[in-house]
Amino acid sequence: MRRYLLRRLLLTVPFLLAVSAMLFLILTLAPGDPIDLFILSNREVQPKDIEALKKAYGLDRPIPVRYVRWLGRVVSGDLGWSLYYRQPVMTILRERVPNSLLLTLPALAVALALAVPVGILSAVRQYSVVDHVTNLVAFAGFSIPLFWFGIVAMYVFAVVLHWLPPGGFPGAGTVGAEVTVLTKLRYMILPMLVISFHLIALLVRHVRSSVLEVIRQDFVRTARAKGLPEARVINRHVVRNALLPIVTILSLVIPALFGGAPVTESVFGWPGIGHLLVQSVLVGDHLVSMAVLMMIALLIVAFSLAADVAYAWLDPRIQYA
């Protein structure tokens, strides 16, 4: 296992380098940057001023040179300076990451707490009323776009019923305002429910299909033939083996969640990583976009490695050389 982990960690370096080069090329070739957008809003800027600004920020250099300079700063711990937000990129991330975690961690916990038992119950009672209702809700969660579901939830609970705030972040724009835990919770509920609904729909279907596949295996029939109680058969023999595909799904879903759920955060105006990514792409702030995207890529690699370790723990037959 140690040799396998070491080999995977060594392979991570060229993988991240390739991803960073591809992302840097795509973002650089995209039309517009903060200076171009500034020019559009200020027609009085002279060509010589534009040239001086681009030279000052290194935007006049060839793309390979700019990439090598960016990579050198990143290796030294400097993510650069945001031209749009007028502050270091690291400072922006430190402000936004806790907001995303505050939203996505409870959403993930709620989704797992509901999806796993509901998926198991739906598989055990296949073709029952519970199974049909579960499938209906799951298919609805797949079919309804997140942004549309978020707008509908905002309209119902904020505009019509006045139960919850329509969006934003508690205390945003208010200097010295004391924000209580209850206030934060009221702002979190709507976006958290939207994210949880989509996750529940995704996980329930996978849990159900995985349990149905395992429950028909010979070792399950053998456990029943030995006279073991049905609850013990399900909990000890079925669930553990059925969790392997779920680990794969979670290794892909969790990095996306920690990336900030861009659609949901943008709909509700939640100042997290996802909202930051959308804004930075729109205004051409490439250094911020690169920092967020590379953070997501690093999380994907980390959780993929964690999934491999979980496979070996859940199934002793899996051995890594």
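It should be emphasised that the depicted structure is a prediction, and the values quoted were computed from it without experimental measurement.
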(request) Carefully, step by step, assess Leu250 and Leu112 under the rule side-chain contact (heavy atoms from CB on, under 4.5 Å). (result) CA-CA 10 Å; Leu250 289 177; Leu112 288 175; 4.0 Å; yes
Shortest non-hydrogen contact from [X] to [Y]?
X: Leu16; Y: Val301; answer: CD2-CG2, 4.2 Å
X: Trp81; Y: Pro88; answer: CZ3-CD, 3.4 Å
X: Ser251; Y: Phe303; answer: CB-O, 3.5 Å
X: Pro166; Y: Phe268; answer: O-CD2, 3.5 Å
X: Ile63; Y: Phe24; answer: O-CE2, 3.9 Å
X: Ala153; Y: Val194; answer: CB-CG2, 4.4 Å

(request) Could you please spell out the steps behind the side-chain contact (heavy atoms from CB on, under 4.5 Å) verdict for Val267 and Leu146? (result) CA-CA 9 Å; Val267 169; Leu146 274 178; over 6 Å; no
According to a 4.5 Å side-chain heavy-atom criterion applied to Ile, Leu, Val, Met, Phe, Trp and Tyr, with indirect links allowed, do [X] and [Y] form part of one hydrophobic cluster?
X: Ile200; Y: Ile249; result: no
X: Phe147; Y: Leu190; result: yes
X: Val68; Y: Ile26; result: no
X: Phe139; Y: Val204; result: no
X: Val159; Y: Trp148; result: yes

(request) Applying side chain to side chain donor-acceptor pair (under 3.5 Å), name anything that partners Thr248, two or more places apart in sequence or on another chain. (result) Tyr311
(request) Applying side chain to side chain donor-acceptor pair (under 3.5 Å), name anything that partners Arg224, two or more places apart in sequence or on another chain. (result) Glu230
Is the shortest side-chain heavy-atom distance between [X] and [Y] below 4.5 Å?
X: Leu9; Y: Leu305; answer: yes
X: Thr28; Y: Tyr67; answer: no
X: Phe197; Y: Val137; answer: yes

Spacing of [atom1] belonging to [X] relative to [atom2] belonging to [Y], to within rounding of 0.5 Å:
X: Phe149; Y: Ile195; atom1: CZ; atom2: CD1; result: 11.5 Å
X: Leu299; Y: Ser304; atom1: CG; atom2: OG; result: 12.0 Å
X: Leu101; Y: Leu108; atom1: CG; atom2: CG; result: 11.0 Å
X: Leu25; Y: Ser20; atom1: CG; atom2: OG; result: 11.0 Å
X: Arg96; Y: Tyr85; atom1: CZ; atom2: OH; result: 5.0 Å
X: Asn99; Y: Tyr187; atom1: CG; atom2: OH; result: 13.5 Å

(request) I would like to know whether His206 and Leu202 meet side-chain contact (heavy atoms from CB on, under 4.5 Å); could you show each step before the answer? (result) CA-CA 7 Å; His206 285 283; Leu202 175 67; 3.8 Å; yes
If only atom types and distance count, is the side chain of [X] paired as donor or acceptor with the main-chain N or O of [Y] below 3.5 Å?
X: Ser76; Y: Arg73; result: yes
X: Ser100; Y: Val97; result: no
X: His275; Y: Glu265; result: no
X: Arg216; Y: Arg221; result: no
X: Arg205; Y: Asn135; result: no

(request) Quickly, which of Val124, Val211, Leu121, Leu228 forms a side-chain contact (heavy atoms from CB on, under 4.5 Å) with Ile234? Name it, please. (result) Val124
(request) Quickly, which of Asp131, Thr134, Leu203, Val118 forms a side-chain contact (heavy atoms from CB on, under 4.5 Å) with Arg208? Name it, please. (result) Asp131
(request) Please test Arg69 against Val65 for side-chain contact (heavy atoms from CB on, under 4.5 Å), starting from the C-alpha separation and ending with a verdict. (result) CA-CA 6 Å; Arg69 292 185 62 187; Val65 175; 4.3 Å; yes
Acceptor/donor pairs from residues 287-298 side chains to any protein atom, 3.5 angstrom cut, sequence neighbours excluded:
unit_1	atom_1	unit_2	atom_2	d
Ser289	OG	Ser280	OG	2.9
Ser289	OG	Asp285	O	3.2

(message) Please determine whether the number of non-hydrogen atoms from other residues, nucleotides or ligands lying under 6.0 Å from atom CZ of Phe219 exceeds 12.
(response) yes
(request) Check the surroundings of atom CD in Glu213: do more than 12 heavy atoms from other residues, nucleotides or ligands lie under 6.0 Å from it? (result) no
